[in-house]
A.B. asks: 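The following block contains the structure, expressed as structure tokens.
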Amino acid sequence: MTITYGRLTGISNQDLAHLGKVEERYPFRATDYYLSLIDWNDPNDPLKRIVIPSPEELISWGSADPSREHRYTVLPGLEHKYPTTVLLLVSETCAGICRYCFRKRIFQREVHERLENLDIALDYVKEHPEITNVLLTGGDPLCLSTERLTEILGRLRAIDHVGIIRIGSKTPAFNPHRILEDPDFSSMLSRFSTPWKRIYLTVHFDHPRELTSVSVAALDLLMRSGVILVNQTPLIRGINDDADVLERLFRQLSFIGVAPYYLFQCRPTMANRPFVIPIEEGYALFSEAMGRVSGLAKRVRYVISHESGKLEVVGMNDRHVHFRYHRAAESRNRGRFLKCRRNPQALWMDDYSEWKRETGAS
């Protein structure tokens, strides 16, 4: 259930007026459950920062599509960037809208990027036997009805060369009751997550306080349904830009059986300037947190989801920062290692001159 500003009891009328101006440009959405987790007495509460609009978002900065997803869009709602993986944008709705969302363009009325023709999309997957991995995203696929998800998953399972179906979702954090109160959903997952071909659910927990007893119960039900759970989160100013917070998040995830997967550099999306941390500052925080956790919690990688591929930040010394292509859109960059001179102000790969020179980027 979403709510309106009028029911936000922890915000002054003056602040509501400011937030209303932000919402005219960047929509607001949250659940009653998630809002109940916020400490309204703390003006810097990290969960509040995740969902409540801030006037800082009106700073003119960033682009609508910083990772140039349009370059890899084969048809509306289908992206094919890496040879073995396709991405299907099956929903334009989320249970809540993260203020730092990198795909916030899809929440604007004039933009329509959702997959409209499932038949054509599945024909494309069938015609490309190299595709072994299909990622369902959006928006949030778990905002679809169980009936619709059953259709999508069932038809994908009928394609023999699709080994992995991944679903990206923040619903376990925003609205775990959607999982707990729909027995048809978990039974459907049990049917399609098989011993030889698992369904992976990439959940999205940004802060350890999101791991409540209710959300952990939802995650447990998903695991008992045969689903493999991994977590990804962006590194966000004012939310998890602290080694102690990252340590607690990664450790707690490993305790409950959810593998920490990706820590993303916040993308330079429109309205995201208040949330972005310089890459080298981010790596220092990440490295400090990694030094405190076990090997099971160390599975997380700090990556930059750039238009040319995913670049992992693998090391840093006094003079240089080191990157490796974890996934590359072009074969010439696969596994490529890059050494760039330190630039403490760098927010994105484009801010490193060596990266531009070595990859031939404009």
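Residue numbers start at 1 and run along the sequence shown.
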A.B. asks: Does the distance from a Lys or Arg side-chain N to an Asp or Glu carboxylate O, for Asp45 and Arg49, drop under 4.0 Å?
C.D. replies: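 Looking at Arg49 together with Asp45, the answer is no, because their closest N to O distance does not fall below 4.0 Å.
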A.B. asks: The test is side chain to side chain donor-acceptor pair (under 3.5 Å); show your working for Asp184 and Thr146 and say whether it passes.
C.D. replies: CA-CA 7 Å; Asp184 290 339; Thr146 296; over 6 Å; no
A.B. asks: Is there a path of hydrophobic side-chain contacts, each under 4.5 Å between heavy atoms of I/L/V/M/F/W/Y residues, joining Ile228 to Leu221?
C.D. replies: no
A.B. asks: How about CZ on Arg341, more than 12 heavy atoms from neighbouring residues, nucleotides or ligands closer than 6.0 Å, or not?
C.D. replies: no
A.B. asks: Once you round to the nearest 0.5 Å, how far does CZ of Arg114 lie from CG of Leu88?
C.D. replies: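 The CZ atom of Arg114 sits 13.0 Å away from the CG atom of Leu88.
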A.B. asks: Taking the side chain from His161 and the backbone from His128, do they hold a donor-acceptor pair closer than 3.5 Å?
C.D. replies: yes
A.B. asks: Both conditions, 6.0 Å and 45 degrees, for the charged tip of Lys104 above the ring of Phe107: are they met here?
C.D. replies: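 No cation-pi geometry.
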A.B. asks: Do Arg237 and Phe275 form a cation-pi contact, if we require the NZ or CZ to be under 6.0 Å from the six-membered ring centre and within 45 degrees of the ring's axis?
C.D. replies: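 Because its charged atom misses either the 6.0 Å distance or the 45° angle limit, Arg237 does not stack over Phe275.
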A.B. asks: If we ignore hydrogens and angles and just use 3.5 Å, is the side chain of Asn272 paired with the main-chain N or O of Tyr100 as donor and acceptor?
C.D. replies: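 Side chain of Asn272 to backbone of Tyr100, a donor-acceptor pair under 3.5 Å: yes, one is there.
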A.B. asks: Could you check whether Arg336 and Asn333, counting side-chain N and O atoms only, form a donor-acceptor pair closer than 3.5 Å?
C.D. replies: yes
A.B. asks: Just by distance, with hydrogens left out, do Asn231 and Thr202 show a side-chain donor and acceptor under 3.5 Å apart?
C.D. replies: no
A.B. asks: Hey, are the side chains of Met270 and Trp61 touching, using non-hydrogen atoms and a 4.5 Å cut-off?
C.D. replies: no
A.B. asks: CG/Leu211 to CG/Leu219 distance, rounded to the nearest 0.5 angstrom?
C.D. replies: 7.0 Å
A.B. asks: Does the side chain of Leu35 reach to within under 4.5 Å of the side chain of Ile52, using non-hydrogen atoms?
C.D. replies: yes
A.B. asks: Heavy atoms only: give me the nearest Ala297-Met290 pair and the separation to one decimal.
C.D. replies: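 What the structure gives for the nearest pair is O-CE, 4.1 Å.
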A.B. asks: Shortest non-hydrogen contact from Arg191 to Thr150?
C.D. replies: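 That closest heavy-atom pairing would be NH2-CG2, 3.5 Å.
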A.B. asks: Quick one about Glu210 and Tyr34 (side-chain donor to acceptor, distance below 3.5 Å, no hydrogens or angles considered), yes or no?
C.D. replies: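 Note: Tyr34 and Glu210 side chains meet the donor-acceptor criterion.
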A.B. asks: Is Arg103 paired with Asp65 through a side-chain N to carboxylate O contact shorter than 4.0 Å?
C.D. replies: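 No.
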A.B. asks: Would you call Arg292-Asp244 a salt bridge at under 4.0 Å N-O?
C.D. replies: yes
A.B. asks: Please report the closest heavy-atom contact between Met223 and Ile256, naming both atoms and the distance.
C.D. replies: CE-O, 3.1 Å
A.B. asks: Atom CG of Leu136 and atom CD1 of Ile152: how far apart are they, to the nearest 0.5 Å?
C.D. replies: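 That separation rounds to 6.5 Å.
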A.B. asks: Could Arg342 and Glu280 be called an ion pair, given the rule that one side-chain N must be under 4.0 Å from one carboxylate O?
C.D. replies: yes
A.B. asks: Should Leu201 and Ile164 be counted in the same cluster of Ile, Leu, Val, Met, Phe, Trp and Tyr side chains packed under 4.5 Å apart?
C.D. replies: no
A.B. asks: What's the spacing between His320 NE2 and Tyr352 OH if we round to 0.5 Å?
C.D. replies: 11.5 Å
A.B. asks: For the residue pair Arg267 and Trp348, establish whether any side-chain heavy-atom pair is separated by less than 4.5 Å.
C.D. replies: yes
A.B. asks: I want to check something: taking the side chain as every heavy atom from C-beta on, are Phe174 and Val51 in contact at a cut-off of under 4.5 Å?
C.D. replies: yes
A.B. asks: Say whether, by atom type as modelled, one donor and one acceptor occur between the side chain of Asp351 and the main chain of Leu347 under 3.5 angstrom.
C.D. replies: yes
A.B. asks: Verify, without hydrogens or angle tests, whether Thr212 (side chain) and Ser215 (backbone) share a donor-acceptor contact under 3.5 angstrom.
C.D. replies: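 Yes, because the side chain of Thr212 sits within donor-acceptor range (under 3.5 Å) of the backbone of Ser215.
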A.B. asks: Does CD belonging to Glu130 count more than 12 external heavy atoms closer than 6.0 Å?
C.D. replies: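 Atom CD in Glu130 is crowded, with more than 12 foreign heavy atoms closer than 6.0 Å.
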A.B. asks: Salt bridge or not for Lys81 and Glu69, using N-O below 4.0 Å?
C.D. replies: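 Looking at Lys81 and Glu69, the cut-off is not met.
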A.B. asks: How long is the gap from OG1 on Thr73 to CG on Leu89, to the nearest 0.5 Å?
C.D. replies: 8.0 Å
A.B. asks: Once you round to the nearest 0.5 Å, how far does CG of Leu189 lie from CD1 of Ile167?
C.D. replies: 6.0 Å
A.B. asks: Determine whether Asp206 and Lys170 satisfy the following criterion, salt bridge (charged side-chain N to carboxylate O under 4.0 Å, His left out), listing intermediate values before the conclusion.
C.D. replies: CA-CA 10 Å; Asp206 300 324; Lys170 196 172 170 66; 3.3 Å; yes
A.B. asks: Is there a donor-acceptor pair under 3.5 Å between the side chain of Tyr261 and the backbone N or O of Thr233?
C.D. replies: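 Not confirmed, Tyr261 side chain does not pair with Thr233 backbone.
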A.B. asks: Under a 3.5 Å threshold, yes or no: a donor from one side chain and an acceptor from the other, between Thr31 and Asn175?
C.D. replies: no
A.B. asks: For the NZ atom on Lys197, are there more than 12 heavy atoms of other groups (residues, nucleotides or ligands in this structure) within a distance under 6.0 Å?
C.D. replies: yes
A.B. asks: So which of Val314, Leu263, Leu311, Leu246 actually passes side chain to side chain contact (heavy atoms under 4.5 Å, CB included) with Tyr302?
C.D. replies: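 Filter result, single survivor: Leu263.
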A.B. asks: Are any of the side-chain heavy atoms of Phe323 and Cys340 separated by less than 4.5 Å?
C.D. replies: yes
A.B. asks: Spell out, as yes or no, whether a donor-acceptor pair under 3.5 Å connects the side chain of Ser186 to the backbone of Pro183.
C.D. replies: yes
A.B. asks: Flag yes if more than 12 heavy atoms outside Tyr200 fall under 6.0 Å of its OH atom; otherwise flag no.
C.D. replies: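 No, OH of Tyr200 has 12 or fewer neighbouring heavy atoms, counting only those of other groups under 6.0 Å.
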A.B. asks: Validate the cation-pi geometry between Arg99 and Tyr26: distance from NZ or CZ to the six-membered ring centre under 6.0 Å, angle to the ring axis within 45°.
C.D. replies: no
A.B. asks: Out of curiosity, does Val203 fall in the hydrophobic cluster containing Val134 (side-chain heavy atoms, cut-off under 4.5 Å, transitive links)?
C.D. replies: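 Same cluster.
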A.B. asks: Is any side-chain heavy atom of Phe185 less than 4.5 Å from a side-chain heavy atom of Ser190?
C.D. replies: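 When only atoms from C-beta onward are counted, Ser190 and Phe185 do not touch, as no gap falls below 4.5 Å.
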A.B. asks: Is there a side-chain contact between Leu149 and Met188 (heavy atoms, below 4.5 Å)?
C.D. replies: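 They are in side-chain contact.
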A.B. asks: Is there a donor in the side chain of Ser169 and an acceptor in the side chain of Asp140, or the other way round, less than 3.5 Å apart?
C.D. replies: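 Side chains of Ser169 and Asp140: pair found under 3.5 Å.
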A.B. asks: I'd like to know if the side chain of Asn240 reaches the main chain of Leu249, judged simply by a donor and an acceptor atom lying under 3.5 Å from each other, with no hydrogens or angles considered.
C.D. replies: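 Between the backbone of Leu249 and the side chain of Asn240 there is no qualifying donor-acceptor contact (under 3.5 Å).
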A.B. asks: Which pair of heavy atoms, one from Leu75 and one from Leu115, lies closest together, and at what distance?
C.D. replies: CD1-CD1, 3.9 Å
A.B. asks: In terms of hydrophobic clusters joined by side-chain contacts under 4.5 Å, are Phe192 and Val125 together?
C.D. replies: yes
A.B. asks: Show your reasoning for whether side chain to side chain donor-acceptor pair (under 3.5 Å) applies to His326 and Tyr262.
C.D. replies: CA-CA 11 Å; His326 184 58; Tyr262 284 137; 3.0 Å; yes
A.B. asks: Is Glu151 paired with Arg148 through a side-chain N to carboxylate O contact shorter than 4.0 Å?
C.D. replies: yes
A.B. asks: Determine yes or no for a side-chain-to-main-chain donor-acceptor pair under 3.5 angstrom, with Glu127 supplying the side chain and Tyr124 the backbone.
C.D. replies: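 Checking the backbone N and O of Tyr124 against the side chain of Glu127, no donor-acceptor pair under 3.5 Å is found.
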A.B. asks: Taking side chain as C-beta onward, heavy atoms only, is Lys310 less than 4.5 Å from Tyr325?
C.D. replies: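 Not touching, per the 4.5 Å side-chain cut-off.
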A.B. asks: Taking the six-membered ring for Trp, are Phe102 and Phe264 ring centroids under 6.0 Å apart?
C.D. replies: no
A.B. asks: Taking all atoms of both residues into account, what is the closest heavy-atom pair of Ile106 and Gly138, and its distance?
C.D. replies: CD1-C, 3.6 Å
A.B. asks: Tell me whether Asp119 at atom CG has more than 12 heavy atoms from other residues, nucleotides or ligands lying less than 6.0 Å away.
C.D. replies: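 More than 12 within 6.0 Å, yes.
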A.B. asks: Evaluate the criterion salt bridge (charged side-chain N to carboxylate O under 4.0 Å, His left out) for residue pair Arg25 and Glu57; output intermediate values, then yes/no.
C.D. replies: CA-CA 9 Å; Arg25 188 177 301 177; Glu57 295 173 44; over 6 Å; no
A.B. asks: Determine whether a donor-acceptor pair (N or O, by modelled atom type, separation under 3.5 Å) exists between the side chain of His306 and the backbone of Ser308.
C.D. replies: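 Judged by distance alone, yes, a pair lies under 3.5 Å.
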A.B. asks: Are the side chain of Gln345 and the backbone N or O of Pro278 linked by a donor-acceptor pair below 3.5 Å?
C.D. replies: no
A.B. asks: Taking all atoms of both residues into account, what is the closest heavy-atom pair of Glu56 and Pro274, and its distance?
C.D. replies: CB-CG, 3.3 Å
